[in-house]
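Throughout, protein chains are lettered first and strands after them, A, B, ... in sequence-line order, and every chain is numbered starting at 1. Reckoned from all heavy atoms, side chains included, excluding hydrogens, waters and symmetry mates.
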Protein chains: 2
Amino acid sequence: MSDIKSAANLLFLREEELRQGIELLYYAYRDFTAEPDSMLARYGFGRAHHRVIYFVGRHPQMSVSDLLGILRITKQSLSRVLGQLVRQGFILQRPGSRDRRQRLLELTEKGVELERQLSENQRQRIAKAYREAGAQAVEGFRKVMLGVIGSEADRRRFERGPPTR
Amino acid sequence: MSDIKSAANLLFLREEELRQGIELLYYAYRDFTAEPDSMLARYGFGRAHHRVIYFVGRHPQMSVSDLLGILRITKQSLSRVLGQLVRQGFILQRPGSRDRRQRLLELTEKGVELERQLSENQRQRIAKAYREAGAQAVEGFRKVMLGVIGSEADRRRFERGPPTR
DNA sequence: AAAATAAGTCAACATGTCTGACATAAAATC
DNA sequence: GATTTTATGTCAGACATGTTGACTTATTTT
């Protein structure tokens, strides 16, 4: 094979490999969210509610700003979703003791239960994928995913140890 | 450490590991779609337009049914987005020669250009992540992602060889 | 000839996102 | 102590993306 042809071939393989990466992310995310979405629909909730419940469960006593920072949406968008969850008794708001302007968020018992139901599906899906792929593959998965994540601050969330605020 | 305590610890580690998996998917997908979304906004388009352009570019001459099968949305949802792309000259529809009920889809030159611009960002993000993580990690990433994908049919899209119709 | 399929259309509605403007309370700064 | 900044909330209007349901047309399959 000529140099030119093999260079072109390398480029093709690379292009193909990258497209596969794009599609792996697309299909995996689509399937990862499909079941929780259909559970949420039974409560009249959507994916946005799941994200709020998930992150509040993960970081109890987080402030509204912290949550906005993770979700990267506007406060007006969050407000509708969060308001519903508070009014329907899934999330509790308490003024911060250090800074009383803050509204610290935590799940109620009802909220914990819903969170558990919703995430159970996703945990099992991940557990199955991890089990089938093996520990070394999981390490590779982590590395690649961290490379895809844009901000250093977000990557730091995945260092060992308890979750950061 | 007592047996009970170490078993609990194992469970905790496992739970933590699975939660990290969930979050890796969340953050990676969020950052993966952020830039194309903001480019699309300049055309008055959204993520749905990107998905249509992407998959039509990937599988030229695909039918509307094929596209619906990949996207898993209703034809009414697709129709709005696809209609805009056709009217604005990004996608061309031609009746199938074997089955004249079909409308086979392909990108116009303008469509190819937009697709290239939109995907460039994502390709570079993946390329960076792959480069930093190394070939072995990429193999692990592939394995785990395939495990997350639900249907065998979709997993087959990732076998080696040219894309299937 | 009848039934099934591929595609499209019209209508109504829900959800999640946005921008922009404004309000309140508390903390931080001058 | 007065002023500015910050954290949060609210009202209004818009748009993108998805849904269900009903119906049409052309073509293929049975």
Given [options], the nucleotide with the shortest approach to the side chain of [X]:
X	options	result
A:Gln102	D:dT17, D:dA7, D:dT28	D:dA7
B:Ile73	D:dT19, D:dG9, C:dA7	D:dT19
B:Arg80	D:dT28, D:dT17, C:dA11	D:dT17
A:Ser77	D:dT27, C:dA7, C:dC18	C:dC18
B:Ala48	D:dG18, C:dC10, C:dT17	D:dG18
A:Thr74	C:dC18, C:dG8, D:dT17	C:dC18

Whether [X] contacts [N] is assessed here as follows: a side-chain N or O lying under 4.0 Å from the phosphate OP1 or OP2. Is that the case?
X	N	answer
A:Arg100	C:dA25	no
A:Arg51	C:dT17	yes
A:His49	C:dT15	no
A:Gln93	D:dG9	yes

Carboxylate-amine/guanidinium proximity below 4.0 Å for B:Glu16 and B:Arg19: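 Salt bridge between B:Glu16 and B:Arg19, a charged N being under 4.0 Å from a carboxylate O: no.
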
Under 4.0 Å between a Lys/Arg side-chain N and an Asp/Glu carboxylate O for A:Arg156 and A:Glu159?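 A salt bridge is absent here (no side-chain N lies under 4.0 Å from a carboxylate O).
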
Using 30° and 60° as the class boundaries, would you call the ring planes of A:Phe90 and A:Tyr43 parallel, tilted or perpendicular? perpendicular

Without decimals, in angstroms, what is the distance between [X] [atom1] and [N] [atom2]?
X	N	atom1	atom2	result
A:Arg103	D:dT10	CZ	C1'	13 Å
B:Leu78	C:dG8	CG	C1'	11 Å
B:His50	D:dG18	NE2	P	14 Å
A:Gln84	C:dA14	CD	P	12 Å
B:Gln88	D:dA16	CD	P	11 Å
A:Leu40	D:dT19	CG	C1'	16 Å
A:Ile91	D:dG9	CD1	P	11 Å
B:Asp66	C:dA7	CG	P	8 Å

Working to the nearest 0.5 angstrom, can you tell me the gap between B:Gln102 CD and B:Ser97 OG?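 Atom-to-atom, B:Gln102:CD and B:Ser97:OG are 9.0 Å apart.
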
How far does CD1 of B:Ile91 sit from CZ of B:Arg103, to the nearest 0.5 angstrom?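 Output value for this atom pair is 15.0 Å.
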
Please compare B:Arg101 and A:Gly44 by the position of their nearest nucleotide in DNA chain C and report the one closer to 5'.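 Mapping each residue to its closest nucleotide by heavy atoms, the 5'-most match is B:Arg101.
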
Quick check: on DNA chain C, is the nucleotide nearest A:Ser97 upstream (toward 5') of the one nearest B:Lys75, or the reverse? Name the residue that is more 5'. B:Lys75

List the steps and the verdict of salt bridge (Lys or Arg N to Asp or Glu O under 4.0 Å) for A:Glu113 and A:Arg116. CA-CA 5 Å; A:Glu113 175 54 21; A:Arg116 204 196 51 70; 3.4 Å; yes

Please determine whether any donor N or O and acceptor N or O are separated by less than 3.5 Å between the side chain of B:Gln76 and the base of D:dG21. yes

